[in-house]
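Input: a single structure, listed below in structure tokens.
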Amino acid sequence: MRKGLAGQRLVAVFIAGLVLLNYPILSLFDRPQTVLGLPLLHVYLFSVWVALILVVAWIVERGAR
Amino acid sequence: MLPGWLIVGASFAYLLLLFAVAYFGDRRADAGRSVIDNPWVFSLSLAVYCTAWTYFGSVGRAASGGPWFLPTYLGPTLGLTLAWLVVLKMIRIARSYRVTSIADFVASRYGKSHLLGGLVTLIAVVGIVPYIALQLKAISSGYALLVGEHDPLFRIESQAGWWQDGTLYIALALAAFTVLFGTRHLDTTERHEGMVAAIAFESVVKLFAFLAVGIYVTYWLYDGFGDLYARAAAVPELHRLLAFDGAGRLGYGGWFAHVLLAMLSIIFLPRQFQIAVVENVNEQHLRRATWVFPAYLLAINIFVIPIAIGGLLHFGRGTVDPDTFVLTLPLAHGQSALALLVFIGGLSAATGMVIVEAIALSTMVCNDLVMPMLLRSRRLDLARERDLTGLLLGIRRGAIVVLLLLGYLYFRLAGEAYALVSIGLISFAAVAQFAPVVIGGMYWRGGTREGALAGLLAGFAVWVYTLLLPSFAKSGWLDPGFLEHGVLGLEWLKPEQLFGLTGLDNISHALFWSLLANIGCYVAVSMLRVPTGPEATQGALFVDVFRSGAAAPASFWRTGAEAGELVPLVARFLGQRRTEEAFGAYARSHGLQQVSELKADPELVHFAETLLAGAIGSASARVMVSTVVQAEPLGLGEVMDILDEASQVRAYSHKLEEKSRALEAATAELRAANERLKELDRLKDDFMSSVTHELRTPLTSIRALSEMMLDDPDIDVEDRQRFLGIIVSEAVRLSRLVNQVLDMAKIESGHAEWHNTDIDLCELVRHSGDATLQLFRDRGAELHLHLPESVPTLRADHDRLLQVMLNLLSNAAKFVPTGSGRVDVTLSCDGERLRVAVKDNGPGIEPAQQPVVFEKFRQGGDERSRPQGTGLGLPISRQIVEHFGGRLWLESVPGEGATFSFELPLKSAAGEG
């Protein structure tokens, strides 16, 4: 049961990642603004990346217990 | 500027360290304390994905396209989230069926086909050898930069002769390493613990080196991320690096294609398959790798953009090659030691890739290219050779050396050519061709050998035409004219705008067309026919690997062989000692002491075949085993068994559903029966209390009058006569009641006796009218009979029907108003049934009361106005009529009287009897 749930969560994360890191969502962040002096697009890409890693880590390590 | 001997010395010292780590790993493995049995080591070893191409090239791509280096790393991050589903299944399949390479995987899935294995091997070699060359080039140019063989713009000036070329020696050293740790012995699982340990170690080294140069550039030369970005924003030509598609080349479609490409290559690159699937010790390690490996990729990429910006700010665009920024930036600032560290990092990235790729490819070449040819050639009689382990190891070692030398040769020939520089993504696109047949093979039973062949060939052909040939043309090895005008001047055949498709970069364009052709041919050709026996068997094994679990598909070989023949056969390929160990363990697990006690049942044959498959590939193993086992391929019935497994399960669940439906229906019936029983029980109770009540009333009056007469002997004769009269009439009523109750019980239980005769209903109605005439006269009512001339006779019990008529007439007589009553009896016949209606002009019956009058002891009207009667007359009448297949019913409008009618069929089953 737990394993099945983790699998579903991973698939959901995969789809979410695919959507967040592609057109058209990605294009929303391609603007000449800066966050703390860093370009918005770069901050967005790396933030999504970090978030994906954290969520996946949470899912698999939780399931491992 | 560093002296050459120092760099060469450091490089070889590093390689020695690698040897030491690998040696340590192998020793620990032999001692049973594996160092790589650890999720962190597994995750780090996956980082063999980061080659010199990414180590140096990421900065180069960031310098030209801004964030466009990222898809190569975002793809694996996304891909690995699905690893727990897809890669886990591959690992389980590989472990269950001893699959040792991606070629073997494909060959084994589609009926153990030599042809498919060979084709996959060929595609892998064509796609990967240039990639190996690229690694060697990275080492070579790094070395040249460090020793100062370059002009002020860090362009490498001259190339020495091959005998002076350090790269050759590096390639040879790598070959030696790979031979030592990759082909130490023949193993049925093809696991190389020492090699994996060394790869994990290399991943740490390259990450450390890259982070070192990143921190140096970002925080030493400049003042952190903010500073670098602010400076870049100030320079117009750097400004576009900060936007998504500053160069305006690729667009979002290209971005998606690159993400997809990297996602596929993280699984299908031979080296990734080798590390993630074949070398995997414990499938639970995959769990942690799904986030540790992406985290590693993130870490190694954080400083890519800062280094690119720093390099462009320092050197300006169009001078120094951005691919070399990680080396040239420290060199330009006189940091030779840091540059050496970075070089070692690049060396580790390159060697890691070369080693694993060489092992993976050599396994493929040996098992899926050379072995099948040897098995086919008649001159080399394999069946007579004693020990073939040496031959096998020799083939693998030879393959490794040849592959590395091929890589070196390509590097020497291609030099700075486009075909080499751009090979990274091109080779990703080549291995992406494996995706449809592998993933399709794992989830779809319908794929066939021809389908897989067609898909791979079509995809590969499109890849060659749209990527490989154009890269040759751009290198000047082919006439570049066909890029512009297409083959034979056909515009729609332009390789980078096939069918006039524009708006995509060459990689996305090629990926789209090749995967389209690949998947299309795979699916379409597979659907031309149903899978054959071996294909269906393997398909079921692969698709249902999680379900079949440990149960061996023992039914593969049906005719028994001699165990004495199997063991030597396996020993010829695996060596005597390992074979005896393996068969010994197998015998013990079956509770036998000696290998010689083993019976060569299908399970043992399958075990032997699996052992062989690990060493020489599944297709060759099948051929070898068939030399000693008189193989009867699976019978049609057995194939159908395997195929029908799913449909059986479906049938079972269908049956279960049906049963549960039947149970539900039964439950509902039982519940209804229970309700009826309860109702009957209640009716019985009512009946009993009604009967006793009805019995008590006459009894009470009889008893009271008798007691009066007993107590008072002086009662005069007149009163006595009257009392006795009442007693007699009450006794008559009592016995009539008892008779009726008995009657009712008899009829209901079916024990009543029926004396059937032919009855003329006219006569019967007239008779009943005569019998009740006095009753009507007493009430001052009129009785009219409306009878036809004659009606057909009816077979029924005369007395019972008379009972019904008398009951209806006496009822009518009771209810008509005194003095002005009128009752009409009508008899009619419609040819099939006879109908009698008794109509009175009494008060009528309320609709709510109408059903009640047919219940036992329930009389119409309220308690007080109720006339004399037992309350059983109508129920009994109805029972009688229904016994003869007719019906008795009531129509009434309150205030206008009531009509009781009954109908009897002329022919009825009860009447015949």
Side-chain angles (χ1 to χ4, degrees), chain A, chain B residues 39 62 66-67 70-71 73-75 77-86 88 224-230 232-233 239-246 251-260 263 284-299 301-302 304-306 546:
Chain A
M1 197 67 203
R2 169 63 66 82
K3 191 179 150 198
L5 185 62
Q8 291 170 37
R9 284 176 176 163
L10 287 173
V11 173
V13 171
F14 170 77
I15 294 169
L18 213 54
V19 170
L20 287 176
L21 292 175
N22 271 296
Y23 183 83
I25 302 276
L26 189 59
S27 69
L28 298 180
F29 295 87
D30 182 22
R31 14 182 112 193
Q33 291 168 2
T34 56
V35 182
L36 302 172
L38 309 175
L40 178 66
L41 178 69
H42 294 202
V43 174
Y44 172 74
L45 282 172
F46 277 92
S47 312
V48 171
W49 196 356
V50 170
L52 282 179
I53 292 170
L54 290 180
V55 172
V56 170
W58 178 77
I59 292 169
V60 298
E61 295 297 329
R62 204 178 126 85
R65 268 185 298 160
Chain B
L70 276 176
Y73 306 97
L74 295 176
T77 303
L78 290 175
L80 273 184
T81 56
L82 293 186
W84 187 242
L85 306 174
V86 179
L88 183 69
F225 285 89
D227 178 43
L228 273 165
Y229 275 118
H239 188 75
R240 60 185 179 78
L241 292 186
L242 309 184
F244 172 73
D245 201 3
Y252 289 103
W255 177 274
F256 174 78
H258 282 69
V259 170
L260 178 71
M263 199 152 68
Q284 288 300 320
H285 294 168
L286 190 61
R287 198 182 266 280
R288 183 155 294 157
T290 53
W291 68 271
V292 173
F293 174 55
Y296 180 98
L297 293 180
L298 178 71
N301 277 297
I302 283 180
V304 167
I305 294 177
F546 287 117

Between Val50(A), Ile15(A), Leu26(A), Leu54(A), which has the largest tally of heavy atom pairs under 4.5 Å with chain B?
Leu26(A)
Grab the two heavy atoms, one from Phe46(A) and one from Asn301(B), that are nearest each other, plus how far apart they are.
CZ-O, 4.0 Å
Quick check on Leu85(B) against chain A: is it the side chain, the backbone, both or neither that has a heavy atom closer than 4.5 Å?
side chain
If you apply the rule side chain to side chain contact (heavy atoms under 4.5 Å, CB included), what do you find for Trp291(B) with Trp58(A), and how did you get there?
CA-CA 9 Å; Trp291(B) 68 271; Trp58(A) 178 77; over 6 Å; no
For the candidates Pro24(A), Gly17(A), Ala57(A), which exhibits the highest count of non-hydrogen atom pairs separated by less than 4.5 Å from chain B?
Ala57(A)
Minimum heavy-atom distance Ala62(B)-Val304(B), with the two atoms named:
CB-CG1, 3.7 Å
Between Leu286(B) and Ala83(B), the two heavy atoms sitting closest are CD2-O, 3.6 Å
For Leu21(A), is it the side chain, the backbone, both, or neither that has a heavy atom closer than 4.5 Å to a heavy atom of chain B?
both
Are any non-hydrogen side-chain atoms of Leu10(A) and Val60(A) less than 4.5 angstrom apart?
yes
Portion of Ile305(B) that has a non-hydrogen atom of chain A nearer than 4.5 angstrom:
side chain
Engaged part of Leu82(B) at the chain A interface, taking heavy atoms whose separation is under 4.5 Å:
side chain
Is there a side-chain contact between His258(B) and Met263(B) (heavy atoms, below 4.5 Å)?
no
Heavy-atom pairs under 4.5 Å with chain B, option from Leu45(A), Leu52(A), Val55(A), Val13(A) with the top count:
Leu45(A)
